[in-house]
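This report refers to the structure that appears directly beneath it.
Below, chain A is the first sequence line, B the second, and so on; all start at residue 1.
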Amino acid sequence: MSEEIILQTRALSKVYRDFWGRQKVRALKGLDLEVRRGEVFGLLGPNGSGKTTTIKLLLGLLFPTEGEALVFGKPASDVAKNERLGYLPEESYLYRFLTADETLDFYGRLFDMPSDVRRQRIDELIEMVGLQKARKRQLQEYSKGMTRRIGLAQALINDPELIMLDEPTSGLDPIGTREMKDMILRLKDEGKTIVMCSHLLADVQDVCDRIAILHQGELKELGRVDELLKVADVTQIRAKNLSVDCQRELRDVISRHHGELVSLDNPTTTLEELFLEIVRDSEARPGRRAGVK
Amino acid sequence: MVVEQQLLPYFQWLLTGGEKSLGALPSFAFVFLGVAMAALVIGFAIAASRYGFLRGGDVTYKTISEGLRELLQTSPRRVWAIARLAIKESLRRRVAVALGVFFLVLLFANWFLSTNHQEPARLYLSFVLTASTYLVLGVALLLSAFSLPGDFKTKTIYTVVTKPVRAGEIILGRIIGFMIVITVLLAIMGVGSYIFVVRSLDHSHTVELESFQVVANPAGEEVGKKGTTSRDAGHRHELTLDKDGNGETTVENGHTHRIESLGENKYRVSPPLGFIRARVPQYGKLRFIDRSGAAKDTGISVGSEWTYRSFIDGNTPATAIWTFDNVSDAVDPNVPEDERSLPLSLIVRVFKTHKGVIGQALQGTIQLRNPDPAANGLTSEPLSFDAQDQQVDDFNIPRKQYSQSRQEIDLFKDLVSKDGKIEVLVKCLDRGQYFGFAQADCYIRHPDGSPIASFAKVCVSIWVQAVIVVSVGVTISTLVSGPVAMLFVVGFIILGFWRQDFVDIATGKSYGGGPAESVVRIATQANVMVQLEDTLLNNLVTGFDKYFAKPIMWAVAQTLPDFRSFSTVRYAADGYNVPWDRVFQDVTVCLGYVVGLSIIGYFLLRTREVAK
């Protein structure tokens, strides 16, 4: 991660008004943020906390009431910034009468990509999101997961430096969620900067380097995920193949040193891990009942 | 054909304009500047109310400067991408249904259209072209008004505007896309219409042998035959055959047939000829002489509210005089020089103050005169004609003429002045009866143009109207929802069709005042001729109209297209060639609207919060 600031907001505020100009709701209050090149930044918060408003302000889809949003050092309203930016909206707002090929071709043209470059990029992306068999089908025939994948592909058509993902895992099954998270990490490895907003805490925890927690339009917490989640006064020991005697000795050691034993037991796996293992096993041995240990 | 406004040559129209009008380009510049200034003031007022005076000014400046910069960054590939999307969207929205409706209308049209009509071609052509116009305008309206609002509703616009696509490209791309859809629709409808008209009017006759009468010369030798054809399609023709049995029929219902002898009393009658024509008129300048012999600009009024034509009284010195320029014997170069004639056409509006002899046409005369003072008013002998009300009478005035002193003169050498001018004098001979004329009622007839080309030019004029509707629809739909955009465009079309009335109200030419005064008149049941009482309320109302409503109406009228003048359906229906000047003018106006509205649309979309 470099020190170069890709995205910045200064006292960014947004007030939604009605037709007569009366204030309806103050969606964002004086947000100050900086996102550096190469990091995965998460905007976290409950529904209505201002996450999506922030993303829309950064994209220039909304105009700030006060403050400013800068992307690549330029105002968010500058269309030229979009050359280096990819955006996956909350729901894949795509033209449902187009096929996957036509969709990517359309968005490729909007980047003024020459025909041969466009063709090659479309093939790469279709393969990357695994839609080879469905590339000639209209999007209206797609499942939610497929629509999400083509949505991601369109966001990446220009090989962007900055990718904004609005609820990237919403509506996806656990496999899709895992694939999306893997994809985000792969993009991070490629040096992309990613800004995502989500209210699915586990997803954010898995992929984000830094997070900002918003509530009622205000920034409540900002920092590195590992630092924020670190519980300083608790020590975690994870070991394999310990005998009962060994475990007893450990209890004694803790007791001798006046420590408080919080728990000493066998951990459970996550439901996500269990589900993915069952699916993988089922795909490897079709027709057999899963025998997960 | 009625020509209320003289058609100016293209470059004159574009640059300098006519006597009472400004050139199109200066007019466009004035309107453009006016709209730009108004937009600047309104834009600044909104920005200042939102962000304060200084920041508002900064925002306004940035919006304009970025707009100019982005204009230069317009990418044809992006515009074409949006245009392709618009085409695909149109197909998805079943635009082809319009074609189905059109062909369904044609299928049943023959139930209501009769070939047994004085001018069936006029009936058929005006029907198919009017049907095409309304259908295409309807399609243009629906496509353009609901397209962008649809994107806003489904939020697909989010994924478009977050790409480096400029607002102007979104507008222009959509206009071009719908323009292509309309072009294809219109091309199919045009070809379908032409085939429909030609096939519907097609008929033939047989020669009725029992009607034949021998035509002999003074020496008693047979020189041909006269007779009639069979009665088909509600009419029959009289025919004249030469010695070999070949000939032509008389004109009935606007057409003739050629007859060819196949020997042994067998004849072949050709399909109808001259149904669909494209006359190429050369108009002159009209002036009048009244019954006392005094020169006048117009004739007398017979009480008609429509002052297009004015009248001359019969059996008096009253004369209608047309002066034509650039007259030579080369009007029809295919005819041998000594057989050349002056092809003249005349339309007479007959106004009778008494019945006269029932069934007998009024009589008139045509004379030709050399306008050169040096020719001492050399005038040809009167040529008399039967005046059929509102019919186009074609004359071929032979070059061999006689002066009023019975001396043989040559039409092109003696009656045409050195600078190529000739005067045509028309009089009515019947006492107490009147002939009415407008400038376009007498013209020199050049060889007909191609009817198909003329028909295609009419389709271009329909296309122009549809493209303007599309441009307005796309532009306004950046701001409001689909149904509101549709209502706006419908209002725009209605105002465009009645633009002149709108202008007349704005400039005070119409009786009854402005909109506020009209409300008072309706409420108080005071008709337009009644003077309103001098009360404070009435003064306020008329003041409001005078200083507020009418200036706004006048300003709006400057931006409205005159839809009625775009329609060239009457050219095809009346059998006239659509002049290229007309086509170029219409296409230029259309281009002006596309450019102007794209710029307005750009700023409307650019300053709109897409995600709101």
Side-chain angles (χ1 to χ4, degrees), chain A residues 14-17 21 52-53 55-66 75-99 102-103 105-115 118 138-140 150-151 154-155 157-158 160 164 166, chain B residues 46-47 49-52 55 58-59 62-63 65-67 69-70 73-94 147 150-170 173 602 605-612:
Chain A
K14 180 66 190 173
V15 175
Y16 288 113
R17 297 181 189 278
T52 300
T53 299
I55 293 269
K56 285 176 179 171
L57 284 164
L58 288 167
L59 287 165
L61 295 172
L62 289 174
F63 303 147
T65 310
E66 282 164 24
S77 58
D78 189 341
V79 181
K81 74 173 191 311
N82 296 344
E83 297 275 4
R84 299 151 69 190
L85 186 146
Y87 168 54
L88 173 70
E90 193 175 351
E91 285 172 44
S92 297
Y93 302 129
L94 302 169
Y95 293 97
R96 294 167 60 79
F97 53 88
L98 298 181
T99 65
E102 288 169 340
T103 301
D105 184 66
F106 169 64
Y107 289 110
R109 282 171 190 267
L110 295 188
F111 282 99
D112 219 354
M113 291 164 74
S115 164
R118 211 165 58 227
Q138 287 188 332
L139 302 196
Q140 59 201 1
I150 190 67
Q154 68 79 27
I157 186 82
N158 56 327
M164 297 215 194
D166 193 354
Chain B
I46 293 172
S49 70
R50 247 186 222 172
Y51 307 111
R55 203 176 152 214
D58 185 47
V59 168
K62 277 184 181 159
T63 306
S65 57
E66 276 177 28
R69 187 164 51 83
E70 288 189 357
Q73 294 169 339
T74 301
S75 148
R77 191 179 276 130
R78 283 196 289 262
V79 172
W80 179 232
I82 302 280
R84 277 165 51 112
L85 184 78
I87 295 169
K88 282 178 184 163
E89 186 193 319
S90 308
L91 295 177
R92 187 188 65 90
R93 286 167 67 184
R94 309 277 186 268
S147 173
D151 275 16
F152 279 103
K153 200 173 170 186
T154 57
K155 297 183 180 175
T156 42
I157 193 82
Y158 288 12
T159 52
V160 175
V161 295
T162 49
K163 306 288 182 283
V165 58
R166 275 68 184 172
E169 292 165 344
I170 295 176
Y602 165 82
L605 190 56
R606 186 80 176 76
T607 51
R608 175 181 175 161
E609 286 189 304
V610 169
K612 199 167 183 181

To the nearest 0.5 Å, tell me how far B:L85 CG sits from A:F97 CZ. 4.5 Å
Select one option (side chain, backbone, both, neither) describing which atoms of A:D105 are under 4.5 Å from chain B's heavy atoms. side chain
Can you tell me which portion of A:M113 sits under 4.5 Å from chain B's heavy atoms? Options are side chain, backbone, both or neither. backbone
Between NZ of B:K88 and OH of A:Y95, what distance do you get to the nearest 0.5 Å? 12.0 Å
Contacts satisfying salt bridge (Lys or Arg N to Asp or Glu O under 4.0 Å) that involve residues 152-165 of chain B (not counting sequence neighbours) are none
Identify which of A:R96, A:E102, A:E83 forms the greatest number of heavy-atom pairs closer than 4.5 Å to chain B. A:E83
What do the steps show when you test B:V610 against A:L59 for side chain to side chain contact (heavy atoms under 4.5 Å, CB included), and what is the final call? CA-CA 10 Å; B:V610 169; A:L59 287 165; over 6 Å; no
Which heavy atom of A:R109 sits nearest a heavy atom of B:A81, and at what distance? CB-CB, 3.4 Å
Interatomic spacing from CG in A:D78 to CD in B:E70 - rounded to 0.5 Å: 7.0 Å
Between A:T53 and chain B, which part of the residue has a heavy atom less than 4.5 Å away: side chain, backbone, both or neither? neither
If you look at every heavy atom in B:P164 and A:F111, which pair is closest and at what distance? CD-CE2, 3.1 Å
Heavy-atom distance under 4.5 Å to chain A: side chain of B:T63, backbone, both or neither? neither
Determine, stepwise, if the pair A:Q140 / B:R92 fulfils side chain to side chain contact (heavy atoms under 4.5 Å, CB included). CA-CA 12 Å; A:Q140 59 201 1; B:R92 187 188 65 90; 5.5 Å; no
Tell me, for B:L91 versus chain A, whether the close heavy atoms (under 4.5 Å) come from the side chain, the backbone, both or neither. neither
Correct closest heavy-atom pair for A:L110 and B:V160 would be CD1-CG1, 4.0 Å
Only pairs of heavy atoms separated by less than 4.5 Å count here; which of B:T156, B:I157, B:V165 has the most with chain A? B:T156
From the list B:R78, B:E66, B:K62, the residue making the most non-hydrogen contacts under 4.5 Å with chain A is B:R78
Mind listing the closest non-hydrogen atom pair of A:F63 and B:R608 along with its distance? CZ-O, 3.6 Å
Can you tell which part of B:T159 gets under 4.5 Å to a heavy atom of chain A, answering side chain, backbone, both or neither? both
Under a 4.5 Å heavy-atom criterion, the part of residues 84-91 of chain A in contact with chain B comprises A:L85, A:Y87, A:P89
Check the pair B:D151, A:Y93 against side chain to side chain donor-acceptor pair (under 3.5 Å), reporting the backbone distance first and the verdict last. CA-CA 9 Å; B:D151 275 16; A:Y93 302 129; over 6 Å; no
Quick check against the 3.5 Å criterion: does B:R77 have a side-chain atom that pairs as donor or acceptor with the backbone of A:D112? yes
With side chain to side chain contact (heavy atoms under 4.5 Å, CB included) as the criterion, how do A:V79 and B:E169 come out once you've worked through the C-alpha distance, each side chain's angles and the decisive distance to 0.1 Å? CA-CA 12 Å; A:V79 181; B:E169 292 165 344; over 6 Å; no
Can any side-chain N or O of A:N82 pair as donor or acceptor with the backbone N or O of B:V161 at less than 3.5 Å? yes
